[in-house]
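A short write-up of the structure that comes next.
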Amino acid sequence: MSSDHDDYIFPFWLNAVQAHKYAAKHWPQYSPRKISAQDFETSLLPTLTRLNVIPTLYGSSSQKIKLTTSQMKHFFFNEPALNIA
């Protein structure tokens with residue numbers, strides 16, 4: 001977790017290499033790992049919501065996109081539904 005202006009943010013990356021580079025620079029003792037949908041739903045999501053922390057998607061060009069916890073769940077942790085016509 002870190003701060004961005006007046007917000008507390010929790011970083012996420014789509015690219016594992018970028019996550020490891022960021023962690024090595026800012027949190028040398030931490031090793032990033034992939035989070036499962038179940039861990040996000042049962043552990044991380046309630047904690048982020050309770051602490052009012054904003055999930056933030058980091059890009060390779062130092063671009064940050066702040067999302068709500070609902071948006072993170074919808075875009076990255078929903079199980080795809082199979083719809084047969």
Side-chain angles (χ1 to χ4, degrees):
M1 190 166 46
S2 60
S3 64
D4 179 47
H5 303 289
D6 292 336
D7 298 322
Y8 288 104
I9 59 175
F10 190 92
F12 289 89
W13 292 265
L14 296 178
N15 182 322
V17 172
Q18 293 298 325
H20 284 278
K21 284 182 181 179
Y22 187 91
K25 182 177 179 180
H26 297 281
W27 310 307
Q29 68 280 16
Y30 177 73
S31 180
R33 66 175 178 85
K34 184 177 181 176
I35 187 169
S36 70
Q38 182 179 358
D39 285 345
F40 180 79
E41 181 78 33
T42 61
S43 298
L44 190 55
L45 180 63
T47 302
L48 294 177
T49 302
R50 180 173 44 84
L51 297 175
N52 199 30
V53 174
I54 300 169
T56 304
L57 188 62
Y58 278 64
S60 60
S61 62
S62 300
Q63 211 171 17
K64 295 183 269 187
I65 301 169
K66 294 178 183 179
L67 302 169
T68 66
T69 51
S70 296
Q71 288 171 323
M72 280 295 290
K73 181 179 174 186
H74 174 76
F75 291 125
F76 301 106
F77 296 102
N78 267 347
E79 294 295 323
L82 180 60
N83 294 323
I84 300 175

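What you see is a predicted model, and the numbers here were worked out from it, not measured in a lab.
- In this structure, CZ on Arg33 lies 10.0 Å from OG on Ser31, to the nearest 0.5 angstrom.
- Glu41 places no side-chain N or O within 3.5 Å of a backbone atom of Gln38 that could act as its donor or acceptor partner.
- Of the inter-residue distances, the one linking Tyr8 atom OH with Leu51 atom CG reads 10.5 Å to the nearest 0.5 angstrom.
- Atom CZ of Phe75 is separated from atom CG of Leu57 by 10.5 Å, given to the nearest 0.5 angstrom.
- By the side chain to side chain contact (heavy atoms under 4.5 Å, CB included) test, Ala23 is found to be paired with Trp27, Tyr30, Pro32, residues two or more places apart in sequence or in another chain being considered.
- In this structure, His74 NE2 and Leu67 CG are separated by 11.0 Å, a value rounded to the nearest 0.5 Å.
- Evaluation of the side chain to side chain donor-acceptor pair (under 3.5 Å) test over residues 42-56, restricted to residues two or more places apart or in two chains, returns none.
- Annotation: side chain of Leu44 is not in contact with side chain of Asp39 (no heavy-atom distance under 4.5 Å).
- Among residues two or more places apart in sequence or in another chain, the side-chain hydrogen bond (donor to acceptor under 3.5 Å, both in side chains) test is passed with Lys21 by none.
- Here the straight-line distance linking atom CG of Asn15 with atom NE2 of His20 works out to 9.5 Å at 0.5 Å rounding.
- Between the Asp7 side chain and the Ile9 main chain, no donor and acceptor come within less than 3.5 Å of each other.
- Between Phe12 and Phe40, the angle of the ring planes goes over 60°, which puts this pair in the perpendicular group of the 30/60° scheme.
- Between the NZ atom of Lys73 and the OG1 atom of Thr68 there is a distance of 11.0 Å, given to the nearest 0.5 Å.
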